[in-house]
Every structure is written in C-alpha cells, then in structure tokens.
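Just so you know, these numbers come straight off a predicted model, no measurement behind them. Letters A, B, ... mirror the listed sequences (proteins, then strands); counts begin at 1.
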Number of protein chains: 2
Amino acid sequence: MEAKKPTLEDVGRAAGVSRATASRVISGGRKVSDDARGRVWHAVELLGYHPDLAARALAKGHSDVIDLIVIDDAAVMLGSNPYYSRVMSGILSALAGSDTQMRVHVIEQPDAPRRLDDVARIVGVGALLVNVPPELAARFSARCARVVSLGHSAPGVPSVEAENAEGARSAVQHLYRTGRRKVVAVHGKQGNSCATGRRSGFHSASVEAGHEPIGAEGGFCLEAGFDGTKELLAAHPDLDGIFAACDLTAMGVLRALEESGRRVPDDVALVGFDDSFLASVATPAMTSVRQPVEHMAALATRALLASETGPNWHRVEPAPLQIRRSSAAA
Amino acid sequence: MEAKKPTLEDVGRAAGVSRATASRVISGGRKVSDDARGRVWHAVELLGYHPDLAARALAKGHSDVIDLIVIDDAAVMLGSNPYYSRVMSGILSALAGSDTQMRVHVIEQPDAPRRLDDVARIVGVGALLVNVPPELAARFSARCARVVSLGHSAPGVPSVEAENAEGARSAVQHLYRTGRRKVVAVHGKQGNSCATGRRSGFHSASVEAGHEPIGAEGGFCLEAGFDGTKELLAAHPDLDGIFAACDLTAMGVLRALEESGRRVPDDVALVGFDDSFLASVATPAMTSVRQPVEHMAALATRALLASETGPNWHRVEPAPLQIRRSSAAA
DNA sequence: CTGTTAGCGCGTTCAA
DNA sequence: TTGAACGCGCTAACAG
C-alpha cells in the first residue's frame with residue numbers, strides 16, 4: 001500500500017550510478033559529469049525523491065535549522081509584542097527558497113542559563129538571540145559560535161542593531177522643527193542597550209534645541225507610557241510633544257493624553273519608536289522611528305546561512321522617521 | 001581540546017551496561033532494573049550526556065518537533081497579526097518541559113499545495129494548521145495524519161475552534177441590554193469558517209432583539225473596519241453600536257468613528273472579537289469576545305504529543321465576553 | 001531484565 | 001570522475 005519513501009540508493013540505481021554520486025549531485029557538488037548529473041536529476045523527478053532531513057543532519061553533524069532564541073515570558077510577551085513576530089517574519093523571508101527551517105525557543109528567566117546551554121548544544125545552522133542580556137549572550141556565544149544577537153550585546157558577540165540614538169534624535173528634531181516648544185520623553189527599560197541609545201539621542205537633540213532634557217522612566221510597556229505621561233503632565237503642564245521609547249509605550253501615552261483631555265496632534269504631538277503595526281493601527285496614526293526589524297533579522301539569518309559571522313561581525317542599520325498624523329503641525 | 005560529546009555508548013560503558021539498556025533508561029522504558037537505572041542516570045549526570053536529536057530522529061523515523069504551518073504572506077501578516085503570536089505562545093507553553101521543539105513554516109499562496117506537500121513529508125510529532133483552507137487541509141491530512149486544524153476545517157480533519165457564533169451573540173446581546181438601539185456589524189472574510197460563525201451569531205442575536213441584521217462585508221483587516229464603518233454611517237446615521245469580526249477590524253472602526261466625530265462609547269459602543277492585546281491597548285480599551293487562542297493551540301499540541309488525535313478529534317472552546325470601556329453604557 | 005545485532009539515510013573519505 | 005566502505009548516534013527486534 002504505502003510506497004516506501006525512495007532513498008538515495010534508489011535514485012542511484014534508477015540513474016545507473018552509485019549512491020555516492022547521487023549524493024554529490026543533490027548536494028550541489030561540482031565533481032560530477034554532466035551526463036551523470038542529468039540522469040540523477042531525472043531519477044529524482046521520476047521517483048519523487050526528497051532527502052531525509054534527519055539522516056542528513058546526523059551525517060553532517062547539524063540540522064538545517066535556524067534557531068530563534070527569545071528570553072521572555074512565553075505566555076505573555078510572545079502574544080503581545082509585535083517585535084518578536086517581526087523577527088520571525090524576517091528570518092522566514094531569508095529562509096524562503098532554502099530548505100532550512102526555523103525553530104523557536106522561548107526561555108523564561110528562572111533557570112535561563114541552563115536552558116540556554118541546552119539549546120546551544122543542539123543549534124543547527126545558527127542561532128538568533130533576542131532579548132538575551134549580554135552576560136547570557138556571552139555565555140551562549142562561548143558554547144556556540146554560530147550566533148548573532150539582535151541588538152548590541154557583550155563584546156565578542158556578533159550583533160545587528162538599529163541606529164537607536166540617531167533615530168531618537170531625528171524624532172525630537174522633527175518635533176521641534178514642526179513648531180513644538182517643549183518635548184519630553186518616556187524612556188525604555190533601564191540597562192537595555194536599545195533604550196540607552198534612544199535615551200541619549202533624545203538627550204542630545206533636546207540640548208541642541210536649547211532645552212533641558214525632561215523624561216520619565218519606563219519599561220517598554222503600555223503602563224510605562226500611561227503612568228509616565230500622567231506624571232509628566234502633572235510636572236510640566238505646558239508640554240506639547242512626547243517621544244516614547246517604543247510604540248507600545250506610545251499607546252499608553254495616547255491613552256493618558258486622551259484621559260487628560262489633550263488632543264493629538266492638536267495639543268500634543270507624539271512620536272513612537274519601532275514603527276510596528278501598532279503605529280499604523282493607532283488613532284491617530286502614529287509617527288514612529290522605523291526600526292527595520294524584519295530586515296535586521298533577515299540580515300543576521302543570511303549571515304548565519306553563509307557562515308560569515310564571527311566575533312567581529314556587527315551591523316548597524318538606519319532607523320528613518322516615519323511621519324504620520326500624530327505629529328502633524330498643530 | 002574540544003572534549004567529544006559523550007554518546008550512549010560512553011554512558012553504557014560508564015554505567016557498566018550495554019548501550020541498549022542505557023537507551024531504555026533514557027527513553028523512559030520500564031523494562032529495566034532499578035539498579036541499572038540508577039547507574040545509568042548517574043553516568044549521564046557524570047558525563048553530562050545529552051541525546052543527539054538527529055540520531056534519535058533518524059532511528060525513530062520522525063523528529064521531536066511540532067510543526068506550525070501558516071498560510072499567509074510571511075512579510076506582512078506574521079508581523080502584524082497578534083493571532084499567530086498567540087498560537088505560538090500556546091504551542092510553546094504546551095511544549096515546556098518536554099524536549100520537543102517548535103518549527104514554523106509560513107507558506108504563501110502561490111504554490112501552496114506543493115509547499116504543503118513538502119512540509120507534510122517532514123512533519124515531526126505533529127502539525128498545527130492555521131489559516132489553511134479546508135481543501136488544502138484535507139489534502140495535507142491525507143498525507144500526514146498527525147495534524148490538527150485551528151478553526152473548523154474539512155470533514156475528517158481534526159480541529160479545535162472557538163464558539164464563534166455564541167461569542168458573537170453574547171456581544172450583540174450585551175450591546176442591546178446596555179441600552180443600545182441599533183447595532184450593526186463589520187464582518188470577516190467571506191468563506192472563512194470563523195467569520196461565518198460570527199456572522200450567524202450576529203444575525204440571530206439581532207433578530208432575537210427584534211432588529212434587522214445590518215452589516216458590511218470585511219476581511220479581518222484594518223481597512224475593512226474603516227471602510228465598512230464609513231459606509232454604515234452613511235447608510236445608517238442612527239447606529240449606536242458596532243460589532244467587529246476581529247480586533248484589528250475594530251481598530252479600523254475606531255479610527256473611522258473618530259474621524260466622523262463620534263465618541264466611543266458615548267455615541268457609539270464597540271465590541272471586537274479575539275481579545276488580543278490590541279483590545280487592551282486601544283483607546284478606549286476595547287470590549288471584545290475572548291477567543292482563547294493560546295489555550296486552543298496548547299490543547300491541540302498536547303493532543304498531538306499524546307497522539308490522541310484522529311479523524312474525529314474535535315474540540316470547541318467557549319468564547320466569553322471581555323467587557324471594557326468601549327461598550328460602557330452611554 | 002539485558003546484551004547483541006541490525007539497520008535508519010546520508011555525507012565523506014579513500015582508492016581506483 | 002566515480003564507487004565502495006565506513007561512520008554519525010540511536011532505537012528496535014530478537015535472543016538469551
């Protein structure tokens with residue numbers, strides 16, 4: 001009934017060559033006569049042959065898989081943070097065409113070092129680290145060289161990041177140039193390298209515009225935006241522009257402003273960071289610094305596939321401002 | 001330098017048993033003496049042994065992986081649809097503890113049948129189908145029995161779905177009971193089984209409340225909500241309640257209402273469907289029918305792991321209403 | 001209960 | 001350029 005899956009052996013037999021030759025043809029090796037090559041491909045077509053991934057993995061020593069590794073609370077964050085989805089999207093687009101797959105590991109904080117070690121051991125073609133703190137990334141990197149961190153990490157750990165500081169600067173400059181007179185910020189998570197970059201960009205742009213940098217601490221979440229805004233409004237009722245460290249935070253800002261009776265963009269202009277789909281879904285549509293997450297993830301993936309990463313592999317991608325209604329001139 | 005990874009052989013030797021016995025112990029087989037079992041685990045600990053997944057996969061015939069299969073446009077949808085993230089979240093939580101991994105395949109429409117066949121061939125423990133139309137799901141199911149569809153599918157295809165009709169009904173009833181007098185709908189994608197269920201729920205609840213069902217067609221996207229609302233407002237300026245087929249659509253409704261100068265919930269009450277994080281992030285926070293996506297995905301995953309699915313495996317989960325500000329009494 | 005023996009399907013030497 | 005042979009690490013029959 002169930003026709004057994006054809007193996008390389010079968011292909012070789014049908015093509016009148018040995019299994020080894022068939023293997024060479026299929027693996028793209030160049031040391032084969034055009035004649036044999038043709039016969040093998042023909043046989044493959046004829047038999048409907050498909051390589052057995054497990055067997056190949058065993059023979060080669062590692063499977064054709066890119067491992068995405070995220071440290072977070074699986075239940076909560078994966079479902080409510082567009083960032084991760086964008087990363088996957090980028091990986092998958094880089095994988096399209098190749099027969100490499102994507103595997104996802106979400107690791108929760110308790111016991112993260114051990115779990116990371118476990119994963120490091122089984123990594124396939126390479127691993128992408130997301131939201132992995134520098135110390136853990138370094139540890140991982142020591143166990144598995146085929147790795148790239150999304151966002152700046154420990155020295156020696158390959159990474160790709162966005163121009164966070166420059167992005168934040170351009171956001172603030174935009175606000176002042178379009179007539180705002182007092183721009184404040186709700187920052188990201190303390191210690192996070194992206195947050196730090198954006199904070200310093202906000203800082204320098206404020207100073208350059210002749211203003212004292214005013215900001216509230218945050219944590220890349222909705223509540224941070226909401227609470228921070230309430231706090232800032234109380235201390236600075238005359239503020240007319242807000243820079244949020246991420247779109248989710250910006251959503252919180254939006255709600256706080258609405259509850260306080262301030263209109264966006266009429267009374268207060270708002271700029272977020274990420275330019276995730278939240279920005280385009282918000283009312284009013286939100287101006288946001290575009291972090292090219294998909295692009296960055298794809299870049300890293302391609303580098304891993306080509307095994308061109310190394311301790312000094314680093315990329316920094318531009319983060320252009322995406323202007324929408326939330327920052328329209330008053 | 002690099003100490004070779006210990007193999008089962010090594011473990012057996014260290015424990016004074018054969019490789020086979022060591023394998024039995026580790027694979028949880030019960031046919032081993034407590035004595036041997038203890039010595040093997042001890043050796044495992046001692047050597048830091050970890051099974052080679054590829055080898056195991058080859059020997060067993062399939063790898064320890066759950067395959068998530070989505071048909072959509074990778075670039076666009078994965079990054080902008082919370083639904084998929086929630087599915088992954090559910091799968092991962094069901095996988096926590098086991099040493100099974102999750103693999104993700106996003107297949108784009110052109111050439112979907114072939115791509116699905118490819119994936120069907122390499123499925124590990126089982127596959128979860130998301131957004132795969134019934135015909136394709138049936139085809140897949142014919143090639144790989146270890147499968148569950150998220151959302152009702154073709155007959156004979158195991159599935160888990162939410163009580164779409166009941167959820168929609170309760171949403172509409174809620175609106176009428178809290179004083180609304182003309183509730184309309186923006187529906188989901190034509191032909192989609194979830195959309196159909198919600199549509200019929202809206203329909204019956206409207207009729208029961210003594211109203212003619214009024215709705216606009218949609219497609220589970222932001223634009224649908226926006227355009228549909230504009231259209232409905234034009235034809236029915238007296239509407240004071242809107243049921244949207246999904247949260248994303250509801251976001252579009254929100255924007256259209258805002259642009260038309262209608263206040264939510266003062267002038268118009270709004271209820272979405274899904275209760276994704278969009279609902280809690282929106283301003284005002286959105287009332288939504290909770291689709292327990294994570295739970296459903298976890299359920300399916302556990303069933304696959306226990307291989308307790310079969311052609312007649314079906315689950316229907318309740319979809320309770322989550323009330324927030326967008327439907328507060330006027 | 002345990003050890004022995006075959007494969008699982010493929011990559012990769014090493015000669016020819 | 002090609003083929004034969006070995007090994008990857010593990011599971012599953014089959015004897016004992």
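Of the N and O atoms on the side chains of B/Asn131 and B/Tyr83, not one donor lies less than 3.5 Å from an acceptor on the other residue. Neither side chain, A/Ser153 nor A/Ser159, offers a donor N or O lying under 3.5 Å from an acceptor on the other.
Remark: B/Leu58 in residues 40-58 of chain B come within less than 4.0 Å of DNA chain C through at least one heavy atom.
Residues passing the side-chain hydrogen bond (donor to acceptor under 3.5 Å, both in side chains) test with A/Ser276, sequence neighbours excluded: A/Asp247.
Rounded to an integer number of Å, the gap from A/Asp35 CG to D/dT1 C1' is 11 Å. The separation between B/Arg39 atom CZ and C/dC1 atom P is 14 Å, rounded to whole Å. Between B/Glu9 atom CD and D/dC10 atom C1' the separation is 11 Å, expressed in whole Å. The distance between atom NE2 of A/His62 and atom P of D/dG9, rounded to the nearest whole Å, is 14 Å.
Between A/Asp35 and A/Arg39 there is a salt bridge, since at least one side-chain N of the basic residue sits less than 4.0 Å from a carboxylate O of the acidic one.
More than 12 heavy atoms of other residues, nucleotides or ligands shown are found within 6.0 angstrom of CD on B/Glu308.
A/Leu95 contributes atom CG, which lies 7.0 Å from atom CD of A/Gln101 (distance to the nearest 0.5 angstrom).
OP1 or OP2 of D/dT2 has not a single side-chain nitrogen or oxygen of A/Thr21 nearer than 4.0 Å. Considering only side-chain N and O atoms, B/Thr7 lies nowhere under 4.0 angstrom from the phosphate OP1 or OP2 of D/dG9.
Ring geometry for B/His314 versus B/His152: interplanar angle of 30 to 60°, hence tilted.
The two residues A/Val157 and A/Ser141 have their closest heavy-atom pair at CG2-CB, 4.0 Å.
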With 3.5 Å as the limit, what N/O pairs link the protein to nucleotides 12-16 of chain C?
unit_1	atom_1	unit_2	atom_2	d
C/dT13	O4	A/Arg24	NH2	3.3

